[in-house]
Chemist: 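Handing you a structure now.
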Amino acid sequence: MKTEPGEFSFDDLVAAPRSQHHWDGVRNYQARNFMRDEFKRGDLVFIYHSSVAEPKVMGIAEVVREAYPDSFALDPKSPYFDPKSEATGESRWVMVDVAARSRMSQPVTLATMREQPTLQGMALLRPGQRLSIQPVTKDEWDIVVSLGKPCPLLKGQGQRSPRKS
DNA sequence: GCCAACGTTGGC
DNA sequence: GCCAACGTTGGC
């Protein structure tokens with residue numbers, strides 16, 4: 001999941017109370033469909049900083065709530081307001097909730113990933129790709145993890161969500 | 001700040 | 001339904 005750290009950084013997610021773990025503002029159908037169709041509770045995702053001097057994977061988060069309507073699309077005051085959703089009275093966009101789980105002790109830069117022969121097929125590295133939500137294969141995941149050496153966050157940073165069953 | 005790659009929009 | 005114009009993303 002990409003984010004511009006000036007808007008919402010990995011550290012912001014780490015510090016955020018549970019009520020602010022929603023990943024809102026995704027306004028692309030393909031990205032939306034990934035969240036709606038693929039994201040399951042307990043799934044892990046990379047959090048990637050884009051549109052910065054050194055784009056990089058910052059850490060790992062866990063899906064703690066599956067897709068539900070992104071109500072910001074209906075809020076005229078929101079930067080993510082969507083008139084077409086408002087016209088139907090129903091948001092056509094979804095968000096998920098994620099909680100920070102671990103931080104890369106060595107954030108994995110885009111440049112580093114480009115250097116890996118084993119990552120050449122990765123969606124993120126495709127020229128011109130702009131999707132803010134992208135698939136990662138198991139192999140790609142393992143390679144990025146081995147490069148980043150994630151450390152679990154301490155309790156109180158990136159809160160644990162109570163399990164119901 | 002540039003620009004390539006796309007997605008979206010809207011006229012026809 | 002085509003497609004040109006336009007807007008946005010995001011690396012560089």
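Remember, predicted model here, so these are calculated numbers, not experimental data. In what follows, chains are A, B, ... by sequence order, proteins preceding strands, each numbered from 1.
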Chemist: Determine, for A:E62 against A:R101, whether the closest basic-nitrogen to carboxylate-oxygen distance falls under 4.0 angstrom.
Modeler: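 Yes, A:E62 and A:R101 are salt-bridged.
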Chemist: My understanding is that only residues two or more places apart in sequence, or in another chain, count here; which of them pass salt bridge (charged side-chain N to carboxylate O under 4.0 Å, His left out) with A:K84?
Modeler: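 By the salt bridge (charged side-chain N to carboxylate O under 4.0 Å, His left out) rule, A:K84 matches no residue at all.
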Chemist: Applying salt bridge (charged side-chain N to carboxylate O under 4.0 Å, His left out), can you list everything that pairs with A:D24, at least two apart in sequence or on another chain?
Modeler: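 Salt bridge (charged side-chain N to carboxylate O under 4.0 Å, His left out) check on A:D24 returns nothing, list empty.
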Chemist: A:R27: what forms a salt bridge (charged side-chain N to carboxylate O under 4.0 Å, His left out) with it, not counting sequence neighbours?
Modeler: A:D70
Chemist: Quick test of your reading: applying ring-ring contact (aromatic ring centres under 6.0 Å, His included), list the pairs with at least one residue in residues 49-95 of chain A, sequence neighbours left out, ordered by first then second residue.
Modeler: A:H22-A:F72, A:Y29-A:W93
Chemist: Provide, to the nearest angstrom, the distance between the CD atom belonging to A:Q30 and the P atom belonging to B:dA5.
Modeler: 17 Å
Chemist: Under 3.5 Å, is there a donor-acceptor pair between the side chain of A:S85 and the main chain of A:R92?
Modeler: yes
Chemist: So, for A:V14 and A:A100, which heavy atoms are closest and what is the spacing to 0.1 Å?
Modeler: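 In terms of heavy atoms, the two residues are closest at CG2-CB, 3.6 Å.
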Chemist: Looking at DNA chain B, which of residues 76-93 of chain A put a heavy atom within less than 4.0 Å of it?
Modeler: A:K84
Chemist: Where do N or O atoms of nucleotides 8-12 of chain C meet protein N or O atoms at under 3.5 Å, pair by pair?
Modeler:
{"residue": "C:dT8", "atom": "O2", "partner": "A:R130", "partner atom": "NH1", "Å": "2.6"}
{"residue": "C:dG10", "atom": "OP1", "partner": "A:K2", "partner atom": "NZ", "Å": "2.8"}
{"residue": "C:dG10", "atom": "OP1", "partner": "A:R130", "partner atom": "O", "Å": "2.7"}
{"residue": "C:dG11", "atom": "OP1", "partner": "A:Y48", "partner atom": "OH", "Å": "2.9"}
{"residue": "C:dG11", "atom": "OP2", "partner": "A:S51", "partner atom": "N", "Å": "2.9"}
{"residue": "C:dC12", "atom": "OP1", "partner": "A:R114", "partner atom": "NE", "Å": "3.2"}

Chemist: How many angstroms lie between atom CG of A:L147 and atom CE of A:M104, to the nearest 0.5 angstrom?
Modeler: 8.5 Å
